[in-house]
Amino acid sequence: MLTRTDAKARGLADLPPVKSDSLIALIGMVNADPRSDKIDVGVGVFRDGAGNTPILKVMKEAEQRLLDTQVTKAYLGSAGDKRFAELLRPILLGEHAGDQRIAGLQTPGGCGALRLGFELIATANSQARVYLGTPSWPNHAPIIRAVGLETAEYPYYERGQGTIRFEDMIAALRSAEPGDVALLHGCCHNPTGADLSEEQWAAVRDVVVDRELIPLIDIAYQGFGRGLDEDAFGVRLILSACDEVVIAQSCDKNFSCYRDRVGSMWVKTGAAKTTATAMGHVNQRSREMWSMPPDHGAACAHIILEDPELHARWLVELDAMRDRINSVRQRLASADPRLAFIGRQFGMFSMLPLSVEQVLKLRTDHAIYMADSGRFNVVGMSDEQIGRFTAAVVEALGA
Ligand SMILES: Cc1ncc(COP(=O)(O)O)c(C=O)c1O
């Protein structure tokens with residue numbers, strides 16, 4: 001990671017090397033492996049039964065419509081495509097869609113939304129500490145540190161048991177100071193797949209309210225877990241109880257348009273007027289960082305969501321992605337009692353209780369690539385590869 005140096009005389013040639021992100025390094029290793037039967041469950045993209053990440057059919061159609069009908073590429077402004085954000089409102093916010101204290105804008109993917117959310121928090125309170133689950137998505141901590149905020153940890157997952165360390169999580173959040181931030185995964189927890197139950201969400205809500213914390217909810221996989229509305233349960237429950245909420249949302253997965261960078265960021269405060277002021281800051285930060293988000297992917301999502309027929313077809317394609325995720329989960333879970341926990345989890349990721357040595361042995365002996373932590377993408381493998389993957393993992397787990 002790049003750490004700032006304050007030595008004034010230093011030039012670019014003196015920069016220390018950056019330790020590359022381990023998941024990016026893993027992609028390099030997979031590409032360099034000449035074995036034709038290699039299995040890449042490291043990368044975080046949806047793959048279908050044939051092992052491909054196809055462009056959704058509705059997305060292709062929307063792209064064609066965009067090509068045929070777009071008449072200008074003039075600037076849109078730092079909030080991007082405002083209609084895109086409006087169309088997302090009911091999908092994300094449900095019964096809160098009409099709440100004028102909540103405002104949102106388009107961002108470059110979920111990463112852009114997270115960065116913007118933390119920029120806003122840091123602008124309001126540079127002393128806020130961000131409580132982050134252990135483990136969490138590896139890019140969370142760097143984004144938080146990049147805006148100058150401090151992180152604190154709450155225990156989240158017991159890898160050996162496949163369960164959430166809920167009491168420890170609550171105890172850690174109880175120790176937070178008013179104004180601190182609780183970073184929560186809306187659904188399909190990355191890297192563990194272990195989602196909070198409805199009762200657990202209610203308990204988290206109570207602590208957040210009691211301790212006057214600001215919840216920042218990262219929802220990157222809505223529709224990949226139980227369903228679009230079901231996956232937004234936590235977001236909506238927290239919105240019901242809290243006056244100050246930040247939400248970072250990604251459309252890159254549920255529209256399967258990863259490299260097009262489609263997402264949104266949402267702010268709720270206690271009054272429409274203060275939300276408007278907060279959005280003024282958000283727009284200013286957006287302008288400083290990327291001026292305006294890339295248009296193409298959001299313009300296509302806009303076309304899809306605006307058109308009832310395309311919208312319905314998107315839901316069908318989204319259902320098919322979710323069905324594959326959940327059916328592969330069931331197949332893995334039924335292969336061995338020690339893998340049963342995978343069937344109780346959601347989204348693309350779970351963590352195998354393997355040591356780093358065991359993970360490395362899977363790479364060497366079986367050309368199976370997953371993160372050192374044992375995190376793997378349940379739909380990283382094709383249908384044909386599932387049997388070989390499961391046999392190798394069961395062998396690695398030992399007798
Ligand atoms: C939990 C989580 N949040 C945010 C993101 C960022 O999503 P995007 O690719 O839209 O920036 C990811 C992507 O892997 C993620 O897993």
Side-chain angles (χ1 to χ4, degrees), residues 21-24 26-27 40-47 53 56 59 80 84-85 88 91-92 104-119 130-144 146-147 151 156-157 181-196 215-225 231-232 234-235 246-266 286 289-290 293-298 300-301 321 325 345-351 370-371 373 375-380:
D21 180 311
S22 56
L23 289 175
I24 303 285
L26 194 64
I27 294 172
D40 172 15
V41 286
V43 70
V45 295
F46 174 87
R47 291 199 177 117
T53 305
L56 297 185
M59 183 53 86
F84 159 77
L88 273 182
I91 295 172
L92 179 66
L105 83 172
Q106 188 202 328
T107 58
C111 278
L114 284 164
R115 177 65 190 250
L116 209 45
F118 287 117
E119 289 281 349
V130 182
Y131 278 75
L132 180 66
T134 317
S136 199
W137 180 49
N139 208 16
H140 277 148
I143 293 175
I144 296 161
V147 308
T151 56
Y156 187 73
Y157 188 66
V181 176
L183 173 55
L184 304 164
H185 292 233
C187 64
C188 305
H189 189 275
N190 181 6
T192 71
D195 283 353
L196 298 173
L216 190 152
I217 309 177
D218 178 4
I219 179 157
Y221 300 93
Q222 193 184 354
F224 272 21
D231 289 349
V235 164
V246 177
I247 306 166
Q249 185 269 353
S250 175
C251 290
D252 288 327
K253 336 287 174 162
N254 53 18
F255 281 85
S256 204
C257 59
Y258 305 85
R259 67 175 71 160
D260 282 343
R261 318 302 305 133
V262 187
S264 64
M265 190 276 221
W266 300 82
S286 162
M289 288 190 290
W290 45 74
D295 181 59
H296 180 81
C300 294
M321 289 194 278
I325 293 169
Q345 299 180 336
F346 293 95
M348 289 201 290
F349 306 106
S350 278
M351 265 178 141
M370 68 182 70
S373 62
R375 183 201 88 154
F376 76 105
N377 176 358
V378 299
V379 286

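Every number for a ligand or one of its atoms is a count from 1 in the order of the listing. Quick caveat: nothing in here was measured; it's all calculated off a predicted structure.
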Just by distance, no angles: are the side chains of S264 and Q106 close enough, under 3.5 Å, to form a donor-acceptor pair? no

Ignoring hydrogens and angles, state whether a donor on the side chain of S136 or H185 is under 3.5 Å from an acceptor on the partner side chain. yes

So which heavy atom in the protein is nearest [atom], and how far is it from that ligand atom?
| atom | value |
| --- | --- |
| atom 1 (C) of ligand 1 | D218 OD2, 3.3 Å |
| atom 9 (O) of ligand 1 | R261 NH1, 3.1 Å |
| atom 6 (C) of ligand 1 | W137 CH2, 3.5 Å |
| atom 13 (C) of ligand 1 | K253 NZ, 2.6 Å |

Measure the [atom1]-[atom2] distance between [X] and [Y] for me, rounded to the nearest 0.5 Å.
| X | Y | atom1 | atom2 | value |
| --- | --- | --- | --- | --- |
| Y156 | L196 | OH | CG | 4.0 Å |
| M351 | N190 | CE | CG | 9.0 Å |
| S350 | F376 | OG | CZ | 5.0 Å |

Side chain, backbone, both or neither: the part of Y221 lying under 4.0 Å from ligand 1 by heavy atom: side chain

Region of A220 that comes within reach of ligand 1 [heavy atoms, distance under 4.0 Å]: side chain

Heteroatom proximity flag, [X] to ligand 1, N/O under 3.5 Å:
| X | value |
| --- | --- |
| D252 | yes |
| V262 | no |
| H140 | no |

Centroid separation under 6.0 Å, is that true for the rings of Y221 and H189? no

Electrostatic pair D40:R47 at N-O distance under 4.0 angstrom: yes

Name of the residue among L183, I143, V147 meeting side-chain contact (heavy atoms from CB on, under 4.5 Å) with V130: L183

Interfacing atoms of ligand 1 (cut-off 4.0 Å, heavy-atom, S250): 7 (O), 8 (P), 10 (O)

List ligand 1 atoms under 4.0 Å from C111, heavy atoms only on the residue side. 6 (C), 8 (P), 11 (O)

Please verify whether a non-hydrogen atom of H189 lies at under 4.0 Å from ligand 1. no

